[in-house]
**Q** 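Got a structure for you, questions after.
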2 protein chains.
Amino acid sequence: MSAREKIVLAAMELFWLKGYNSTSIADLLSRTQLNSGSLYHAFPSKQDVLIGVLEAYRDGIHQQLLAPAWADVDDPIEKIFALLRHYRTLIVETDCTYGCPIGSLALELHEPDPKVRELIAANFGNWTAAIEQCLADAGKRLPGETDRRALAQFVLTAMEGGVMQARTHRHVAYFDRAVAQLRAHFALLEQAAKVGA
Amino acid sequence: MSAREKIVLAAMELFWLKGYNSTSIADLLSRTQLNSGSLYHAFPSKQDVLIGVLEAYRDGIHQQLLAPAWADVDDPIEKIFALLRHYRTLIVETDCTYGCPIGSLALELHEPDPKVRELIAANFGNWTAAIEQCLADAGKRLPGETDRRALAQFVLTAMEGGVMQARTHRHVAYFDRAVAQLRAHFALLEQAAKVGA
DNA sequence: CAACTCCTTGATTGAGCGTTCAACCAAGAA
DNA sequence: TTCTTGGTTGAACGCTCAATCAAGGAGTTG
């Protein structure tokens, strides 16, 4: 494994656990057993490590996130809730300290470099595009006039907001309630599609 | 104005603009025109400044946030969307760099002191309690079995998620779509209440 | 062998951080 | 006048941070 790969892997974990600003270069070095010179040979600056991390998330969303979450699910709408269940297990496994790595960065970095901001946006974009595909696959189960992109972004909204509150209150029930509300919304939409058909 | 008040006011603005970690004591001193000794006479540590800020938000939510947003609104459900409109103007006024001060802190602080975490939770709690009151005032316009606390938390979820995405994409439309989805959800709920009655 | 290219080593740099404290000041009490 | 109290001053401290760089392999090529 190259030094570059080692650093990105370590940084993915440390940025997620401690945040970007609170992760020092020294943290990355001790985790990877590298020396500072090697790190600065692979990356010009700490911010470029962040860019590497965001690119890794962007390029790995299907393999690392969606494929595991959708292993046993075919129904397009159930895929959405399977993904949310996946986040739920992460919340539980981390004793409600889980934070979406992208969402946390989005709020932690107050004056981000344009490249960083665009990569965060690209990550959100990939996520909602995957949901939007599910909504497209749901076909006529949703009302014809449904804005599927907006609804996909709303799913992300519910996930991020639910994660934030579960983490703050240290209780997964806050996430569960957000999912339940979203479930109710989908139930109403499916009902409206049936009646309207 | 006491030194303590000066510091809290300056910190509210700076933590909101730059985040907690990126705001240095020196920043606070130059903004308030105080010396470090005065600050440390008023607060034992930087974290206690943060606590002061969170207490100020907690105690000022009605006067500073809700009263202005609800100045011309009586209808309980419209009050919810009036509050969201208030956030929208903040987003627009800041060229889509607005972040909810509480939400940003919630995600920036990865290992918060229990007292800090509880204050963030209390702030969310006050916010959702105000929404819950609106939902209670809406009475039978919502289906009888509606879990009004969960729905209030869902409104917070939509706000935080919408703000996060608008900020990331630098476009208020992402916030607007989140609000529109929430509006659609309320419309469906009101319709269900009417039919079921 | 030498020359060249990658990559690594790790002590070092200088800036910035939160925090401290002896000295100082103004105003009221004795 | 002298003492006390509550607050202010600002230089200094110890530390951590991201980043640097001269020196030194290791491998390949001619």
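Every chain is numbered from 1, with letters handed out A, B, ... down the list of sequences. Given the structure is predicted, the values throughout are model-derived calculations rather than measurements.
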**Q** Hey, is the main chain of A:Ala106 close enough, under 3.5 Å, to the side chain of B:Thr168 for a donor-acceptor pair?
**A**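 Between the backbone of A:Ala106 and the side chain of B:Thr168 there is no qualifying donor-acceptor contact (under 3.5 Å).
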**Q** Looking at B:Lys79 and B:Asp72, does any basic side-chain N land under 4.0 Å from a carboxylate oxygen?
**A**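 Looking at B:Lys79 and B:Asp72, the cut-off is not met.
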**Q** Donor-acceptor pair, distance only, cut-off 3.5 Å: does the side chain of B:Glu108 make one with the backbone of B:Asn21?
**A**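 Checking the backbone N and O of B:Asn21 against the side chain of B:Glu108, a donor-acceptor pair under 3.5 Å is found.
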**Q** Run the salt-bridge test on B:Arg177 and A:Asp147 with the 4.0 Å N-O cut-off and return the result as yes or no.
**A**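 No.
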**Q** Has A:Arg183 got its NZ or CZ under 6.0 Å from the middle of the six-membered ring of A:Phe81, at an angle within 45 degrees of the ring axis?
**A**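 The answer is yes; both the distance and angle limits are met.
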**Q** Mark yes or no for whether B:Asn35, through its side chain, and B:Ser38, through its backbone, hold a donor-acceptor pair below 3.5 Å.
**A**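 Here the side-chain-to-backbone pair does not exist.
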**Q** In residues 32-41 of chain A, which ones come under 4.0 Å of DNA chain C, going by heavy atoms?
**A**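 Residues of residues 32-41 of chain A under 4.0 Å from DNA chain C: A:Asn35, A:Ser36, A:Gly37, A:Ser38, A:His41.
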**Q** For A:His169, give me all partners under ring pair (Phe, Tyr, Trp, His ring centres under 6.0 Å), at least two apart in sequence or on another chain.
**A**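 Residues passing ring pair (Phe, Tyr, Trp, His ring centres under 6.0 Å) with A:His169: A:Tyr174.
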**Q** Is any side-chain heavy atom of B:Leu189 less than 4.5 Å from a side-chain heavy atom of B:Leu151?
**A**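 A side-chain contact exists here, since the closest heavy-atom pair is under 4.5 Å.
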**Q** First and last nucleotide of DNA chain C in contact with chain A, 5' to 3', at under 4.0 Å to a heavy atom: what are they?
**A**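 Contacts span C:dC7 to C:dA11, reading 5' to 3'.
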**Q** Please check if the side chain of A:Arg117 supplies one atom and the backbone of A:Pro112 the other of a donor-acceptor pair under 3.5 Å.
**A**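 The answer is no, because no donor-acceptor pair under 3.5 Å joins these two groups.
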**Q** Tell me, with the steps shown, if A:Gln181 and B:His185 meet side-chain contact (heavy atoms from CB on, under 4.5 Å).
**A** CA-CA 9 Å; A:Gln181 293 293 310; B:His185 186 56; 3.9 Å; yes
**Q** For residues 5-27 of chain B, which residues have at least one heavy atom under 4.0 Å from DNA chain C?
**A**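 Those residues are B:Thr23, B:Ser24, B:Ile25.
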**Q** Does the side chain of B:Val155 come within less than 4.5 Å of B:Thr128's, by heavy atoms?
**A**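 Side-chain contact under 4.5 Å: no.
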**Q** Let me test you: for the helix from C:dC1-D:dG30 to C:dA30-D:dT1, what is the angle between the axes at its two ends (five pairs each), rounded to 10 degrees?
**A**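 Computed from the C1' atoms at both ends, the axes differ by 20°.
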**Q** Please enumerate all residues that pass ring pair (Phe, Tyr, Trp, His ring centres under 6.0 Å) together with A:Phe15, with sequence neighbours excluded.
**A**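 In terms of ring pair (Phe, Tyr, Trp, His ring centres under 6.0 Å), with neighbours along the sequence ignored, A:Phe15 is linked to A:Tyr20.
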